[in-house]
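Notes follow once the structure below has been shown.
Along the sequence shown, residues carry numbers from 1.
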Amino acid sequence: MTHAIILAAGRGSRLTQEIPEGLPKCLLEFGGRSLIARHLDLLYRFGIRTMDLVLGYRAQSIIDHIATLDSRPDVAFHFNPRYELGSVLSLLAAGEALRSGRDILLMDADVLYHPTILQRLVDTPVENCYLLDREFEPGDDPVKIALHDGQIVDFRKQLPEDLDHDELGESVGFFRFGPRAAECIADECARYESEGLGDAPHEEALRDVLISCPLAFGFEDVTGLPWVEIDFPEDVERARDVVLPAIRAQYPEF
């Protein structure tokens, strides 16, 4: 059975002007529902019955909120006391789930997205799957997926200048991994910690495993489906004024 891991440990320090003091990003509400409530509801609707949620900043407020939700998987909570460092340590906190021998969905908590995006990841025949959006604003912040002849060749915010690729897309921040790749990712996160690299983002550990065996990884193209990761003040505005109305045009009850 497929198991989900959601990373929700960060502080959201770049949004201090947009959210009430002390409110974790995943508790931001759009259309009267929090990001995490929407996320857990969709997981449950698509058949995911168990998940790990990695917390850090204001963990108890998130736990209390989830206790009020009716439509959600069974949630195991993990606390990352070093959440102000890199998210690789948050992923390491879910290492037991990564080593469980199950298929894993790995997701960030701070994303508002069209339900079909998650459905594509749940239903994909690609064992180790990234989600790619070809329509994105170039810059330093998007995590990019580079393709060559339809195959993923790199995955990073800053790609090597000499990388041989013919297409680029943005990563949605949602992934599916089979048991072997998930175990390799757990090993890589543990290596980062042991080598004093705990300030790294978890995407670097994913990249290392991808680069070691690129032919084992594929992608689903979700171009044209609305989504936004909430990192900056303009993302809050876009989620409220653009993304949510676009989703509700197809799913009025969303």
Does the separation of the ring centres of H114 and Y251 fall below 6.0 angstrom?
yes
Minimal non-hydrogen separation, A109 against I36, with atom names
CB-CD1, 4.3 Å
Salt bridge (charged side-chain N to carboxylate O under 4.0 Å, His left out) assessment of K157 paired with D140:
CA-CA 6 Å; K157 285 188 177 183; D140 293 337; over 6 Å; no
Determine, using the 4.5 Å side-chain heavy-atom cutoff (strictly less than), whether I145 and L159 are members of one ILVMFWY cluster.
no
Can any side-chain N or O of D241 pair as donor or acceptor with the backbone N or O of R238 at less than 3.5 Å?
no
Any heavy-atom pair between the side chains of L210 and I152 that's under 4.5 Å?
yes
Check salt bridge (Lys or Arg N to Asp or Glu O under 4.0 Å) between R134 and all other residues, then give those that pass, not counting sequence neighbours.
E167, D221
Do E237 and R240 meet the salt-bridge criterion of a basic N to acidic O distance under 4.0 Å?
no
Do D110 and C26 have side chains that get closer than 4.5 Å, going by heavy atoms?
no
Which value, rounded to the nearest 0.5 Å, describes the distance between C129 atom SG and L121 atom CG?
5.5 Å
Just wondering, do L225 and R120 contact through their side chains at under 4.5 Å, heavy atoms?
yes
Identify which one of K25, H65, E29 satisfies the side chain to side chain donor-acceptor pair (under 3.5 Å) criterion when paired with S34.
H65
Does atom CD of E161 have more than 12 heavy-atom neighbours, drawn from other residues, nucleotides or ligands, at distances under 6.0 Å?
no
Are side-chain N/O atoms of N80 and S90 paired as donor and acceptor at under 3.5 Å?
yes
Go through D74 and R49 one step at a time and tell me if the salt bridge (charged side-chain N to carboxylate O under 4.0 Å, His left out) criterion holds.
CA-CA 6 Å; D74 291 333; R49 294 294 180 258; over 6 Å; no
Looking at Y44, I'd like to know if its OH atom is crowded, meaning that more than 12 non-hydrogen atoms belonging to other residues, nucleotides or ligands lie closer than 6.0 Å.
no
Let me see the working for F217 and F175 under ring-ring contact (aromatic ring centres under 6.0 Å, His included), right down to the final yes or no.
CA-CA 11 Å; F217 294 82; F175 312 90; 9.7 Å; no
Nearest heavy-atom approach of V54 to A93 is CG1-CB, 4.0 Å
Could you tell me whether the side chain of L27 reaches within less than 4.5 Å of the side chain of L35, counting heavy atoms only?
no
Measuring only between side-chain heavy atoms, which start at C-beta, is I6 closer than 4.5 Å to D52?
no
Do L98 and F177 make a side-chain contact, defined as non-hydrogen atoms from C-beta onward lying under 4.5 Å apart?
no
Linked, directly or transitively: V209 and V153 (ILVMFWY side chains, under 4.5 Å)
no
Taking 4.0 angstrom as the limit, do R99 and D187 come out as a salt bridge?
yes
Over all atoms of both residues, closest heavy-atom pair of A9 and Y83
O-CD1, 3.4 Å
If you look at every heavy atom in P201 and S87, which pair is closest and at what distance?
CA-OG, 3.4 Å
Can V172 be reached from L147 by stepping across I, L, V, M, F, W or Y side chains whose heavy atoms are under 4.5 Å apart?
no
Could you check whether any side-chain N or O of K144 sits under 3.5 Å from a backbone N or O of E170, counting only pairs where one atom can act as donor and the other as acceptor?
no
T124 side chain to E220 side chain, donor-acceptor N/O pair below 3.5 angstrom:
yes
N/O donor-acceptor pair under 3.5 Å between R156 side chain and E204 backbone
no
Kindly give the heavy-atom pair with the smallest separation between L43 and P73, and that separation in Å.
CB-CG, 4.0 Å
Between L206 and L91, is any pair of side-chain heavy atoms under 4.5 Å apart?
yes
Under 4.0 Å between a side-chain nitrogen and a carboxylate oxygen: does that hold for R191 and E195?
yes
Side-chain ion pair, R180 and E127, N-O less than 4.0 Å
no
Taking all non-hydrogen atoms of both residues into account, name the closest pair between V88 and A205 and its distance.
CG2-CB, 4.2 Å
For E137, is the CD atom crowded, meaning more than 12 foreign heavy atoms sit under 6.0 Å from it?
no
Could you state whether Y113 and I5 fall into the same hydrophobic cluster, counting links through intermediate Ile, Leu, Val, Met, Phe, Trp or Tyr residues with side-chain heavy atoms under 4.5 angstrom apart?
no
More than 12 heavy atoms from other groups under 6.0 Å of CD on E96
no
Measure up the H39 and F174 rings against each other and bin them: parallel (under 30°), tilted (30 to 60°), perpendicular (over 60°).
tilted
Is it the case that Y192 and H202 place a side-chain donor and acceptor less than 3.5 Å from each other?
no
Do H3 and D103 pair up side chain to side chain, a donor and an acceptor below 3.5 Å, judged on atom types alone?
no
D41 bridged to R72 by N-O distance under 4.0 Å
no
Would you say R176's side chain and N128's backbone share a donor-acceptor pair under 3.5 angstrom?
no
Please determine whether residues I117 and L112 belong to a single hydrophobic cluster, defined as Ile, Leu, Val, Met, Phe, Trp and Tyr linked transitively by side-chain heavy-atom distances below 4.5 Å.
yes
Within-4.5 Å side-chain heavy-atom neighbours: L105 and I48:
yes
